[in-house]
Amino acid sequence: MRVRIAPSPTGAMHLGLARTALYNWLFARHHNGKFILRIDDTDLKRNIKEALEPILRGLRWLGIDWDEGPEVGGPHAPYFQSQRAEQYQAAVRELLERGFAYRDYATPEEIKAEKEAALAEKRSLRYSRRWMAETSEQRARFESEGRKPVVRLKMPQEGKLVICDLVRGHVEFNWALEQDHVVQRADGSCLYHLANVVDDYDFGITHVIRGEEHLSNTPRQVFIAQSLGWPLPEYAQMPFVAEPGTKNKLSKRKAKRYLKNPDFAQLVEHGNRIADTLRLETDPDTFNPVVLDFYEKVGFLPEAILNYLVLLGWSLDDRTEHFTREELVRVFLLDRVNRAPASFDPRKLMAFQVRHMLAKPVEERVDMVLPYLHKAGLIPEQPDDGTRTAVARILGAAGDRVKVAGDILDYADFFTADTELEYAEKAFRRRMGKQGAVELLRRLRDRLADDGEPFEVAGLERLMRGFIEAEGVKVGDIIHGLRVAVTGKQVGFGMFDCLAILGRERCLVRIDRALEKAAAMQTDAGENDERR
RNA sequence: GGCCCCAUCGUCUAGCGGUAAGGACAUCACUCUUUCAAGGUGAAGACACGGGUUCGACUCCCGUUGGGGCCA
């Protein structure tokens, strides 16, 4: 079995393409077949390499490898349509010779007039073939008028086509309703549908697994193949991936509009927060959740994307949702593909991400996260063991708060110098402004300074218990101020984890600084009072 | 406009003539709690509509409505 995807190098890897690639790849791997990557670059003028790169990278990132295609070659090379013009021309000649296509000398104006007439009469458009030339005399006559020919398919005038689609079952088309589609332009270049059929035949494609939007294009492709005496591939037209909240096809160009969807907007915002700290480009045209790049940059796991994507139109049963790549290869079958389009749900995607993330051993998560800390200038490229340990402890304590690798930047304050820690002003004022809060913190500081216990979670917990008992206060009275003093923020993971990760020295420095700042704050307030 | 496709909780889906219509994400409540999460417990939530077929339809057939795709 041989399957393929034939993406056009558009400069970005669209989620829908990623899913089609995934289905094709799973099908090939499950059945021990070949997955072929062919590039539809006929309309592309320049920079194919640059425009193709994101697609190749995206596939590799997802772990979708191709057996034949760009960069890996194969027996049917080249795998670029732009380099196969001759095969297409030959097919057109053959079609012409067999009488399944004809030269058409109508001018664009004449065609347009026919279309308008059809529209006015509210009937389906059908070309009259008035300028069809099948004999050399006819051709000579039209050419003497200075006309240039295109080549059109001579579609059957009657009968039905029944396609047995692997996803949709029987689908019927009326031949008489099909157009005499152009397969070759006046300049000699060939059109997409013809090229596709030729390539699929030449490459020995047995199963065409593609988006449902191609369903209505199938008759003309069948016609071409049959006219040339070629065997037909099996067709499996998948439902497309729809926008969040609607059933419209998900489109890269509409990414800005999707921002109106709160879930989509939230995901974008999440990405932007990370990208901003790293000073990455966040133009919605290139950096948004419709494009695979987004996920890679922000630190998603490819297996999470894969897992989410595969479920957008396919299911194994009524309860299994979590799959690894290997499991998918084992269980994926085309006959469990759904027929209705599925909307992209950013929240559910995130849920999968979290699940896969937490399933990873801490060491692997450390490796994912380190580059982000480095890119943010917080740690050297080759961090020492101490840093690794600290990161591992942060990840352990943070749990699912680090949903994507880039989220580690939320804990940047562990890596900034103690003397440069920035305080969230509002939180600071709120917590330290409380009656007696500063004094309480000062006393806790002294306990932390000379307590003999090891500076670890359990010991710190014991210390705190003793402290609040002795002071006759509640945990809540001290811990919020302590958190702001030590981390600069009012939210975060376990307080004792924070303290332990930083270590006694750093904690004391930070508390002292906070106490100073609080003192300054009080003086200011005092001066203000006097002025009033 | 023509043709084609699609239709189960808000979303992804299970169901393949007899079910209390199941699961997941999201939502809500309670609980746990040093904050934010997470966790635990529970709740709410769907067969688009109308006709058939059948002892019996979410399930099969037809139509309507709605959504979408392709071609123009």
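All values below were derived from every heavy atom in this structure, side-chain atoms included, with hydrogens, water molecules and symmetry-related copies excluded. Chain letters run A, B, ... following the sequence lines, proteins first and then strands; every chain starts at 1.
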Problem set entry | Step-by-step side chain to side chain donor-acceptor pair (under 3.5 Å) determination, A/Glu114 to A/Tyr127 | CA-CA 7 Å; A/Glu114 288 211 355; A/Tyr127 174 46; 5.8 Å; no
Rounded interatomic separation in angstrom, taking [atom1] from [X] and [atom2] from [N]:
X        : N      : atom1 : atom2 : answer
A/His356 : B/rC25 : NE2   : C1'   : 14 Å
A/Leu316 : B/rC12 : CG    : C1'   : 15 Å
A/Glu114 : B/rG2  : CD    : C1'   : 16 Å
A/Leu267 : B/rU11 : CG    : C1'   : 15 Å
A/Leu333 : B/rA14 : CG    : C1'   : 17 Å
A/His270 : B/rA37 : NE2   : P     : 15 Å
A/Gln237 : B/rC6  : CD    : C1'   : 14 Å
A/Asn261 : B/rG10 : CG    : P     : 16 Å

Span that lies between the [atom1] atom of [M] and that of [N], in whole angstrom:
N      : M      : atom1 : value
B/rA26 : B/rG40 : P     : 12 Å
B/rG66 : B/rC49 : P     : 15 Å
B/rC60 : B/rG18 : C1'   : 15 Å
B/rC4  : B/rC9  : P     : 26 Å
B/rG23 : B/rC5  : C1'   : 28 Å
B/rU31 : B/rA24 : P     : 23 Å
B/rU64 : B/rG45 : P     : 33 Å
B/rU59 : B/rU19 : C1'   : 12 Å

Problem set entry | Neighbour count >12 (heavy atoms, 6.0 Å) for atom NZ, A/Lys112 | no
Flag for [Y]-[X]: side-chain donor and acceptor within less than 3.5 Å:
X        : Y        : value
A/Gln81  : A/Asp199 : yes
A/Arg210 : A/Asn217 : no
A/Thr218 : A/Gln221 : no
A/Asp317 : A/Ser315 : no
A/Tyr102 : A/Asp180 : yes

Exercise. According to the interplanar angle, ranging from 0 to 90°, do the rings of A/Phe294 and A/Phe300 count as parallel (below 30°), tilted (30 to 60°) or perpendicular (above 60°)?
Worked result: tilted
Exercise. In terms of the angle between their ring planes, are A/Tyr258 and A/Phe264 parallel, tilted or perpendicular, with boundaries placed at 30° and 60°?
Worked result: perpendicular
Check every strand shown and say whether [X] touches a base, only sugar-phosphate, or nothing at a heavy-atom separation below 4.0 Å.
X        : answer
A/Arg126 : nothing
A/Arg465 : nothing
A/Val354 : nothing

Using Watson-Crick or G-U wobble geometry with both distances under 3.5 Å, which nucleotide pairs with [N]?
N      : result
B/rC30 : B/rG40
B/rA21 : none
B/rA14 : none
B/rU64 : B/rA48
B/rG1  : B/rC71

For this session: Show your reasoning for whether ring-ring contact (aromatic ring centres under 6.0 Å, His included) applies to A/Tyr23 and A/Trp314.
Result: CA-CA 9 Å; A/Tyr23 282 3; A/Trp314 174 90; 7.7 Å; no
Exercise. OP1 or OP2 of B/rG15 less than 4.0 angstrom from a side-chain nitrogen or oxygen of A/Arg336, does that happen here?
Worked result: yes
For this session: Establish, with yes or no, whether the OP1 or OP2 oxygen of B/rC4 is under 4.0 angstrom from a side-chain nitrogen or oxygen of A/Asn174.
Result: no
What does [range] look like as a protein-contact string, B for base, S for sugar-phosphate only, - for none, at under 4.0 angstrom between heavy atoms?
range                        : result
nucleotides 59-72 of chain B : --------SSBSSS
nucleotides 38-43 of chain B : S-----
nucleotides 26-36 of chain B : SS------BBB

For this session: Ignoring hydrogens and angles, tell me if any N or O in the side chain of A/Arg330 forms a donor-acceptor pair with the backbone of A/Arg325 under 3.5 Å.
Result: no
Problem set entry | Verdict with reasoning, A/Arg4 to A/Asp200, per salt bridge (charged side-chain N to carboxylate O under 4.0 Å, His left out) | CA-CA 8 Å; A/Arg4 50 64 170 182; A/Asp200 284 346; 2.8 Å; yes
For this session: Begin with the C-alpha distance, continue with both residues' side-chain angles, and end with the deciding distance and a verdict on side-chain contact (heavy atoms from CB on, under 4.5 Å) for A/Arg147 and A/Thr107.
Result: CA-CA 7 Å; A/Arg147 294 170 179 268; A/Thr107 63; 3.6 Å; yes
Problem set entry | Chi angles and distances behind the salt bridge (charged side-chain N to carboxylate O under 4.0 Å, His left out) call for A/Arg253, A/Glu243 | CA-CA 12 Å; A/Arg253 297 174 151 202; A/Glu243 299 171 349; over 6 Å; no
